[in-house]
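Notes follow once the structure below has been shown.
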Amino acid sequence: TYGNGMIVLIAPDLSSKAALELGEVLRSSIARLAIDNPESIRTNGVTTSVAVVSGRVKCGIDRVQLLTRAISFAPKISAAGGDRVVSESV
């Protein structure tokens, strides 16, 4: 995870649509937990943003590139604000 409720989900070999749907299931599941968060500005509960990175993996180096892309993608999502799912396909 990253600051501000960020989760990075690496989904090798999933289509971008399926990866985005998986990220949304994760985000909405956390929202349904209804965990109080008195420090939240926008809501009273805990929220999360999910950065989903998907792509084809054919060999070991592909996994490293997918992970590297996910790490570089996370700060962009965090800066965009909370409680959202954003997907990028490699």
Side-chain angles (χ1 to χ4, degrees):
T1 67
Y2 288 82
N4 300 322
M6 170 63 66
I7 294 174
V8 176
L9 177 61
I10 301 171
D13 296 326
L14 277 184
S15 70
S16 57
K17 181 181 177 188
L20 188 62
E21 289 171 357
L22 180 60
E24 180 55 35
V25 167
L26 181 58
R27 187 208 61 77
S28 63
S29 294
I30 290 169
R32 280 194 308 274
L33 292 173
I35 299 169
D36 286 337
N37 182 7
E39 295 179 9
S40 178
I41 295 170
R42 197 173 125 194
T43 68
N44 290 331
V46 169
T47 62
T48 190
S49 291
V50 181
V52 183
V53 179
S54 62
R56 298 303 259 167
V57 175
K58 295 180 183 174
C59 62
I61 194 67
D62 291 342
R63 293 180 188 279
V64 172
Q65 290 173 342
L66 200 59
L67 177 59
T68 301
R69 189 61 161 272
I71 290 169
S72 67
F73 190 49
K76 296 175 192 174
I77 305 308
S78 184
D83 200 27
R84 68 182 66 223
V85 178
V86 180
S87 177
E88 181 170 299
S89 185
V90 178

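Heavy atoms only: backbone and side chains are in, while hydrogens, waters and symmetry mates are out. For this chain, numbers begin at 1 and follow the sequence in order.
- In the hydrophobic clustering of this structure, Val25 does not group with Leu33; members are Ile, Leu, Val, Met, Phe, Trp, Tyr whose side-chain heavy atoms approach within less than 4.5 Å, directly or through other members.
- Residue pairs meeting the salt bridge (charged side-chain N to carboxylate O under 4.0 Å, His left out) criterion with at least one member in residues 57-73, sequence neighbours excluded, are Arg69-Glu88.
- In terms of hydrophobic clustering, with Ile, Leu, Val, Met, Phe, Trp and Tyr side chains grouped at heavy-atom distances under 4.5 Å, Leu67 and Val86 are assigned to a common cluster.
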Without placing hydrogens or testing angles, list every side-chain donor-acceptor pair under 3.5 Å for residues 7-23, not counting sequence neighbours.
unit_1	atom_1	unit_2	atom_2	d
Asp13	OD1	Val57	N	3.0
Ser15	OG	Ala18	N	3.1

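- In terms of the side-chain contact (heavy atoms from CB on, under 4.5 Å) criterion, residue partners of Thr68 (sequence neighbours excluded) are, by chain and number, Val64.
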